Amino acid sequence: GGGGIGNAWDSVTVAKDAIIEENLAMQADVGAGGGGFRNSEDASSFLYNTVFRRNSAFIGGGLMNAMPRGKQFMQSNVVLEYVSFEHNFADTDGGGAFLYSHPARLSHVSFTNNSATGTTASNGGGALMNSGSMINITGNSVFMGNTAVAGSGSGGAILNSAGGILRINGATFNGNSSSRAGGAIE
């Protein structure tokens, strides 16, 4: 996984002032994804002042923080500060980012015009899909113009599912839409 960058197996990636643009990871598999960046298998990623633009994936158009199936004991962490997700696309979940079962801290992030086109009610998260993670979003973050409008897509900006914990302190949601529920958050 990781059309642009893959970080795995106890590795640490620190990116600053980066542009991750026009990458592709479209293998149709739940374990595949992260058009721009994939963080998995006990890896940690710290991304600062970085732009994810026009990346595409089956899951997690811009970024995917996850693990392969059967590896639930592994812990992959991601910290995003002053990171922008613009015009990224996911075929199912998390147009901007897909965060699965691992902690994430997002501060001063922006998600603009990202889309997820999954067709069932459990698909969506035009900007962000949280599947069982604990996510803290702070610092005047912005979610604008994101969509989950194919079929029964949910969570135009954020789809929070599978027991995920979502804490938001300082964010603006504007012009996000979904087909079924949660134009901003479900």
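FYI, side chains are in, hydrogens and waters are out, and symmetry mates aren't considered; it's all heavy atoms of this structure. The shown structure was predicted, so the numbers you read here are calculated from the model rather than taken from an experiment.
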Novice: Report yes if some heavy atom in the side chain of R38 is under 4.5 Å from a heavy atom in the side chain of N7; otherwise report no.
Specialist: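 Sidechains of N7 and R38: no contact.
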Novice: Looking at R54, I'd like to know if its CZ atom is crowded, meaning that more than 12 non-hydrogen atoms belonging to other residues, nucleotides or ligands lie closer than 6.0 Å.
Specialist: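 For R54, atom CZ is crowded (more than 12 foreign heavy atoms under 6.0 Å).
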Novice: I'd like to know if V79 and V14 are part of one continuous hydrophobic network [Ile/Leu/Val/Met/Phe/Trp/Tyr, side-chain heavy atoms within less than 4.5 Å].
Specialist: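 Yes: a chain of side-chain contacts under 4.5 Å links V14 to V79.
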Novice: Given the rule in the side chain to side chain contact (heavy atoms under 4.5 Å, CB included) test, do H102 and M134 qualify, once you have shown the distances and angles that lead to the verdict?
Specialist: CA-CA 7 Å; H102 305 291; M134 181 176 13; over 6 Å; no
Novice: Are there over 12 heavy-atom neighbours, none belonging to N49, within less than 6.0 Å of that residue's CG?
Specialist: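 Yes - once you tally the heavy atoms of other residues, nucleotides and ligands closer than 6.0 Å, there are more than 12.
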Novice: Could you measure the distance from the CG atom of D42 to the OG atom of S11? Nearest 0.5 Å is fine.
Specialist: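 These two atoms lie 10.0 Å from each other.
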Novice: Apply the test side chain to side chain contact (heavy atoms under 4.5 Å, CB included) to residues I135 and L99: give CA-CA distance (whole Å), side-chain angles for both, the deciding distance (0.1 Å), then the verdict.
Specialist: CA-CA 8 Å; I135 300 175; L99 304 175; 3.3 Å; yes
Novice: Check the pair V51, Y82 against side chain to side chain contact (heavy atoms under 4.5 Å, CB included), reporting the backbone distance first and the verdict last.
Specialist: CA-CA 9 Å; V51 177; Y82 296 95; over 6 Å; no
Novice: Once you round to the nearest 0.5 Å, how far does OG of S76 lie from CD of E41?
Specialist: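 If I round to the nearest 0.5 Å, the distance is 6.5 Å.
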Novice: How long is the span from the CG atom in N176 to the CG atom in N146, to the nearest 0.5 Å?
Specialist: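 That separation rounds to 4.5 Å.
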Novice: Describe, in one word, how the ring planes of F52 and F37 are oriented to each other, choosing from parallel (under 30°), tilted (30 to 60°) and perpendicular (over 60°).
Specialist: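 It falls in the perpendicular class, over 60°.
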Novice: Spell out, as yes or no, whether a donor-acceptor pair under 3.5 Å connects the side chain of D93 to the backbone of G124.
Specialist: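 Checking the backbone N and O of G124 against the side chain of D93, a donor-acceptor pair under 3.5 Å is found.
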Novice: Working to the nearest 0.5 Å, report the span between CG of N65 and OG of S45.
Specialist: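 N65 atom CG to S45 atom OG measures 7.0 Å (nearest 0.5 Å).
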Novice: Any donor-acceptor pair under 3.5 Å linking the side chain of H108 with the backbone of G139?
Specialist: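 Yes; at least one donor-acceptor contact below 3.5 Å.
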Novice: Going by heavy atoms in the side chains, are F58 and L24 under 4.5 Å from each other?
Specialist: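 A side-chain contact under 4.5 Å is absent here.
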Novice: Using side-chain heavy atoms (C-beta onward) and a distance below 4.5 Å, is N136 in contact with N169?
Specialist: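 No, side chains not in contact.
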Novice: When you check the side-chain N and O atoms of S110 and S84, is any donor under 3.5 Å from an acceptor?
Specialist: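 Note: S110 and S84 side chains meet the donor-acceptor criterion.
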Novice: Roughly how far, to the nearest 0.5 Å, is OG of S115 from CG of N88?
Specialist: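 Between N88 CG and S115 OG, I get 8.5 Å after rounding to 0.5 Å.
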Novice: How about L128 and N114: do any of their side-chain heavy atoms sit closer than 4.5 Å?
Specialist: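 They are not in contact (no side-chain heavy atoms under 4.5 Å apart), so the answer is no.
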Novice: Does N39 use its side chain to pair, donor to acceptor, with the backbone of N77 at less than 3.5 Å?
Specialist: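 Checked: pair present.
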Novice: Tell me the closest heavy-atom pair linking A150 and S179, and the distance in Å.
Specialist: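 That would be N-OG, 3.5 Å.
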Novice: I'd like to know if the side chain of S133 reaches the main chain of S101, judged simply by a donor and an acceptor atom lying under 3.5 Å from each other, with no hydrogens or angles considered.
Specialist: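 Judged by distance alone, yes, a pair lies under 3.5 Å.
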Novice: Do F46 and V109 sit in the same hydrophobic cluster, where Ile, Leu, Val, Met, Phe, Trp and Tyr count as joined when their side-chain heavy atoms come under 4.5 Å apart?
Specialist: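 No, because F46 and V109 fall into different hydrophobic clusters, even though each may have its own neighbours under 4.5 Å.
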Novice: Would you compute the distance between atom OG of S131 and atom CZ of F98 and round it to the nearest 0.5 angstrom?
Specialist: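 Answer for the OG-CZ pair, S131 versus F98, is 4.5 Å.
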Novice: Identify the heavy atoms of R180 and S154 that sit nearest to each other, and give their distance.
Specialist: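 Minimum heavy-atom separation between R180 and S154: NE-OG, 3.0 Å.
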Novice: Just checking Y48: does its OH atom have more than 12 heavy atoms from other residues, nucleotides or ligands closer to it than 6.0 angstrom?
Specialist: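 Yes, the 6.0 Å shell around OH holds more than 12 heavy atoms from other groups.
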Novice: Can you find a pair of side-chain heavy atoms, one from L166 and one from I158, that are under 4.5 Å apart?
Specialist: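 The answer is yes; the side chains approach within 4.5 Å.
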Novice: Please answer whether the main-chain N or O of T117 pairs with a side-chain N or O of D91 as donor and acceptor at a distance below 3.5 Å.
Specialist: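 No, D91 side chain to T117 backbone: no donor-acceptor pair under 3.5 Å.
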Novice: Looking only at non-hydrogen atoms, find the nearest pair between A25 and G2 and report the distance.
Specialist: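 Answer, listing the atom of A25 first, then G2: CB-N, 4.4 Å.
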Novice: Locate the shortest heavy-atom distance separating A90 from G61; write the atom from each residue and the value.
Specialist: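 A90 and G61 have their closest heavy atoms at CB-N, 3.8 Å.
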Novice: Ignoring hydrogens and angles, state whether a donor on the side chain of E86 or T112 is under 3.5 Å from an acceptor on the partner side chain.
Specialist: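 Side chains of E86 and T112: no pair found under 3.5 Å.
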Novice: Counting distance only, does the side-chain N/O of N55 pair as donor-acceptor with the main-chain N or O of I20 below 3.5 Å?
Specialist: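 Present.
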Novice: If hydrophobic clusters are built from ILVMFWY residues whose side chains come within less than 4.5 Å, do V78 and I168 share one?
Specialist: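 Same hydrophobic cluster.
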Novice: So which heavy atom on A66 is nearest to which on S40, and how close?
Specialist: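 Nearest heavy atoms, A66 then S40: O-CB, 2.7 Å.
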Novice: Any donor-acceptor pair under 3.5 Å linking the side chain of S152 with the backbone of T120?
Specialist: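 Not at all, since once roles are kept as given, no pair shorter than 3.5 Å links the two residues.
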Novice: Would you say L106 and T138 make side-chain contact, with heavy atoms under 4.5 Å?
Specialist: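 Side-chain contact under 4.5 Å: no.
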Novice: Do I137 and F143 have side chains that approach each other closer than 4.5 Å (heavy atoms only, starting at C-beta)?
Specialist: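 Sidechains of F143 and I137: in contact.
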Novice: Please evaluate residues S178 and E186 with respect to the criterion side chain to side chain contact (heavy atoms under 4.5 Å, CB included), reporting the C-alpha separation (whole Å), side-chain torsions for both, the decisive distance (0.1 Å), and the verdict.
Specialist: CA-CA 10 Å; S178 71; E186 180 183 359; over 6 Å; no
